[in-house]
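One is the number of the first residue; the rest follow in order along the sequence.
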Amino acid sequence: MSSVNLEYVLRLESLLSRIYPREHIADLLKKILHLADKWNYGKHRTTDWVDGTNIYLITYGDNIRHGEQLPLATLNHFANTYLREIISDIHILPMYPYSSDDGFSVIDYRRIDEHLGGWSDIHHLSANFNLMFDCVINHISRSSEWMKGYLHDDPYYKDYFIASNPELDYSRVVRPRASPLLTPFIKADGNELYLWTTFSEDQVDINFKNPQVLLESIDVLLQYAASGGQSIRLDAIGYIWKEAGTRCIHMPQAHNIIKVWRTILDEVIPGTRIITETNVPHHENISYFGEGDEAHMVYQFPLPPLTLHAFLRQDTTTLTQWAQSLNAEARYPDTTYFNFLASHDGIGLRPTETFLSDDERKYMAQETLRKEGRVSYKDNGDGTHSPYELNINYLSALTEPDDDTGLKARKFLAAQALLLSFIGVPAIYIHSLLGSENDLDGMHQSGINRRINRKKLDLGKVEAELEKKDSLSARVFYGLQALIKHRREHPAFSPQAGQRVFDLGKSLFAMERYDPKTEDRISCVFNISDHSQVLKLAVEGKDLISGEAFNGQMRLQPWQVVWIKHKLKAPERLGRLRRWRMKLIKRTKRYTISIKRTMR
């Protein structure tokens, strides 16, 4: 076994003792260290933390198809042809064999779905892009070998799942779905039992109270990290620990399990980024930063619904108030927000519970239905249901059905520019990148609400649309391309740069991004209305988007965005020059000393 540092072992021991009885700890530690050896302990390349050049793409492995070609090979072709200059990281949604929920009911965590391709396709894609894998570890498919072994009383799978008495009171349990919490199963011997199924009867919750389940999860995570998954998304991770009489979400043990994973990955495969997916109210979501020792990034769940609300109401008041509260939350080194507007899921409403009233959430639900979307509901535990998620394509949600192509693109690009401006790392869904709209046929034919935003695209048709300069797809794609190129060139947009949000009235959303190292400073202002607005700022500079000079005042057209790069004043330029000269002198001295030592 490779040697390991004592501090690492002691930290693991401390974390494990907060989760499991003392008698399990020594054996667990021994097995964890063996797993580290299995995945080439310490031999994987350390990578830098994220910066302003990191832009994630979110996509299914088969969102773009081309004849009989395996979809992962098609994705590789599309990414290398169109995305090399704008995308750094590709998040491939669950790519494993599955039985339902478009991949989130995993049959085998360790294999690639043969309909998509194989691990060799993943390795080819990782040659030019960082990759993000999904770890759907709260639950597994009822068709998995784990479940089959459990139902046949295989000793290896004993206690892999959570059997419960359906007569007990589960009213305190937080429910993300309106489906039953417990599902009956028949064992091989004919006996019936009820198992926890938080998300559906085909997604059986895994029992992390069994230490062997923790070891399985560690092995899976290390395989993903060793196989090119520089980022790992922990799906629905807040639900992984159940305790009678509690809400069964955000339990201390769940946080400590994530800290165990983080500690192991930091030591064994450094540079791996853990991203937690917890679609819950904001203050609960950010708890997954821990004390800088848990998630590297947390999904910024309030951003999609609050941005949509601002655009629908043409009122930025709530968005501004929320954004002003963000400055101190990701305060630890190597932590930041994972920002997005659209994803494979719908637009979650729970993160707005401390920001929007019930009436405003109902308004958003009504607007979704008016635009032919659907609304999913959650069980409140008292016999009532409330809107949980808006199932609609984000472009279709933002725009009106009778808007012309130019207006749709302008509105949508304004929202995407807002995403790209926020502190954190931006992630763009494949359908947002390509300007897709509601897939009503897919939703109606499948009977699945979320299919409205999961259309499978033909590569030839995608390329043909991108060649039409006036098509919605081309306007959105090339508009985003231009914005991303500007963003990647300016340190002010780095996750490490500062952010200040200003209140310029309800029609304008405004923030300033500032990098103290380079003194790069950019004012980002958005006209979130269908009327022109006068912008007054006590700065001079140049709008990166239009190329126009800014001298303190300009009129913004409806849905116009400006990124004003501040002009350095004379004292600031002089200060920067002096610092540059001092750095040059220090480098010259070090170089001279190095030469003298070599000559000796």
Phe104 and His139: CA distance, side-chain angles, deciding distance, ring pair (Phe, Tyr, Trp, His ring centres under 6.0 Å) verdict: CA-CA 9 Å; Phe104 284 89; His139 47 261; 7.9 Å; no

Side-chain donor-acceptor contacts of residues 407-418 below 3.5 Å, not counting sequence neighbours, with atom names and distances?
unit_1, atom_1, unit_2, atom_2, d
Lys408, NZ, Glu437, OE1, 2.8
Lys411, NZ, Asp403, OD2, 2.9

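- Annotation for Pro387 and Val375: closest pair CB-CG1, 3.9 Å, computed over non-hydrogen atoms.
- Legend: residues meeting side-chain contact (heavy atoms from CB on, under 4.5 Å) with Gln553, ordered by chain and number and at least two apart, are Val534, Lys536.
- Every residue meeting the side-chain contact (heavy atoms from CB on, under 4.5 Å) condition with Pro281, not counting sequence neighbours, appears here in chain and number order: His283, Glu284, Arg350, Glu353.
- In terms of the side chain to side chain donor-acceptor pair (under 3.5 Å) criterion, Ser471 has no residue partners (sequence neighbours excluded).
- A donor-acceptor pair under 3.5 Å links the side-chain atoms of Ser200 to the main chain of Asp202, judged by distance alone.
- A donor atom on one side chain and an acceptor atom on the other are found under 3.5 Å apart for Asn285 and Thr278.
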Side chain to side chain contact (heavy atoms under 4.5 Å, CB included) between Tyr60 and Leu93, intermediate numbers included: CA-CA 5 Å; Tyr60 280 101; Leu93 291 156; 3.7 Å; yes

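- Between Tyr239 and Phe199, the distance separating the two ring centers is shorter than 6.0 angstrom.
- A side-chain donor-acceptor contact under 3.5 Å links Asn393 to the backbone of Leu395.
- Only one option out of Leu419, Leu341, Thr316 pairs with Thr307 in a side-chain contact (heavy atoms from CB on, under 4.5 Å); it is Leu341.
- When Arg450, Lys455, Arg454 are each tested for a salt bridge (Lys or Arg N to Asp or Glu O under 4.0 Å) with Asp102, only one passes: Arg454.
- Between the OG1 atom of Thr320 and the CG atom of Asp315 there is a distance of 8.5 Å, given to the nearest 0.5 Å.
- In terms of modelled atom types and a separation under 3.5 Å, the side chain of Ser357 and the main chain of Glu360 share a donor-acceptor contact.
- The salt bridge (Lys or Arg N to Asp or Glu O under 4.0 Å) test applied to Asp235 returns Arg233, not counting sequence neighbours.
- Looking only at side-chain heavy atoms (C-beta outward), Ser523 and Phe550 stay at 4.5 Å or farther from each other.
- Side-chain contact of Arg475 with Thr405: a donor-acceptor pair under 3.5 Å is absent, judged by distance alone.
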Steps toward side chain to side chain contact (heavy atoms under 4.5 Å, CB included) verdict (His91, Phe340): CA-CA 12 Å; His91 171 203; Phe340 72 108; over 6 Å; no

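- Side-chain atoms of Ser396 come within 3.5 Å of backbone atoms of Asn438 as a donor-acceptor pair (strictly under, hydrogens ignored).
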Candidate pair Ile122 and Ile92, rule side chain to side chain contact (heavy atoms under 4.5 Å, CB included), full reasoning: CA-CA 10 Å; Ile122 297 299; Ile92 308 174; 3.8 Å; yes

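- A side-chain N or O of Glu463 and one of Tyr82 form a donor-acceptor pair less than 3.5 Å apart.
- Shown here for Asn339 and Gly424, the closest heavy-atom pair between the two residues is ND2-CA, 3.6 Å.
- The aromatic ring centroids of Tyr224 and Tyr96 lie less than 6.0 Å from each other.
- Closest approach of Phe301 and Pro351 over heavy atoms only: CB-CG, 3.5 Å.
- Residues passing the side chain to side chain donor-acceptor pair (under 3.5 Å) test with Tyr388: none are found, sequence neighbours excluded.
- Defined by atom type and a distance below 3.5 Å, a donor-acceptor pair is missing between the side-chain atoms of Ser343 and Asp345.
- For Lys542, the salt bridge (Lys or Arg N to Asp or Glu O under 4.0 Å) criterion is met by no residue, not counting sequence neighbours.
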Verdict with supporting geometry, Ile55 and Ile86, side chain to side chain contact (heavy atoms under 4.5 Å, CB included): CA-CA 7 Å; Ile55 310 286; Ile86 58 174; over 6 Å; no

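- Partners of Glu512 according to the side chain to side chain donor-acceptor pair (under 3.5 Å) rule, which considers only residues two or more places apart in sequence or in another chain, are Arg500, Arg521.
- Aromatic ring centroids of Tyr299 and Tyr337 lie 6.0 Å or more apart.
- Ring to ring, Phe338 and His296 are not that close: their centroids are 6.0 angstrom or more apart.
- Put simply, the side chain of Gln499 gets close to the backbone of Ile423: a donor and an acceptor are under 3.5 Å apart.
- Under the side-chain contact (heavy atoms from CB on, under 4.5 Å) criterion, Ser88 pairs with Asn54, Arg488, sequence neighbours left out.
- Among residue pairs with one or both ends in residues 459-500, those qualifying as ring-ring contact (aromatic ring centres under 6.0 Å, His included) are Phe493-Trp563; sequence neighbours excluded.
- Within 6.0 Å of atom CD in Gln69, more than 12 heavy atoms from other residues, nucleotides or ligands are found, so the atom counts as buried in its surroundings.
- Summarising the geometry of Asp515 relative to Pro491, their closest heavy-atom pair is OD2-CB, 3.4 Å, with the distance given to 0.1 Å.
- The closest donor-acceptor contact from the side chain of Asp358 to the backbone of Lys362 lies at 3.5 Å or more, if one exists at all.
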Verdict with supporting geometry, Arg513 and Asp520, salt bridge (charged side-chain N to carboxylate O under 4.0 Å, His left out): CA-CA 8 Å; Arg513 301 298 312 279; Asp520 190 34; over 6 Å; no

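- Using a distance-only test at 3.5 Å, with no hydrogens or angles considered, no donor-acceptor pair links the side chain of Ser126 to the main chain of Gly228.
- Between the side chain of Arg65 and the backbone N or O of Pro71, no donor-acceptor pair lies under 3.5 Å.
- Of all non-hydrogen atoms in Leu544 and Lys565, the two that sit nearest each other are CD2-CB, 4.0 Å.
- Taking all atoms of both residues into account, the shortest heavy-atom contact from His431 to Asn63 is NE2-ND2, 3.7 Å.
- Proximity of the aromatic rings of Tyr332 and Trp49 is defined here by a centroid distance below 6.0 angstrom, and this criterion is not met.
- Lys456 meets the salt bridge (Lys or Arg N to Asp or Glu O under 4.0 Å) test with Asp62; sequence neighbours excluded.
- No donor-acceptor pair under 3.5 Å is formed between the side chain of Thr276 and the backbone N or O of Leu234.
- Other residues, nucleotides and ligands place no more than 12 heavy atoms under 6.0 Å from the NE2 atom of His115.
- For His309 and Phe355, the gap between ring centers reaches or exceeds 6.0 Å.
- For Lys371, the side-chain contact (heavy atoms from CB on, under 4.5 Å) partners two or more places apart in sequence, or in a different chain, are Leu312, Glu367, Ile392, Glu400.
- Side-chain contact between His66 and Ile64: absent, with no pair of heavy atoms (C-beta onward) separated by less than 4.5 Å.
- Judged by distance alone, with hydrogens and angles left aside, the side-chain atoms of Glu467 form no donor-acceptor pair with the main-chain N or O of Ala474 at under 3.5 Å.
- Glu277 and Asn279 are not linked by any side-chain donor-acceptor pair at a separation below 3.5 angstrom, with hydrogens and angles left out of the test.
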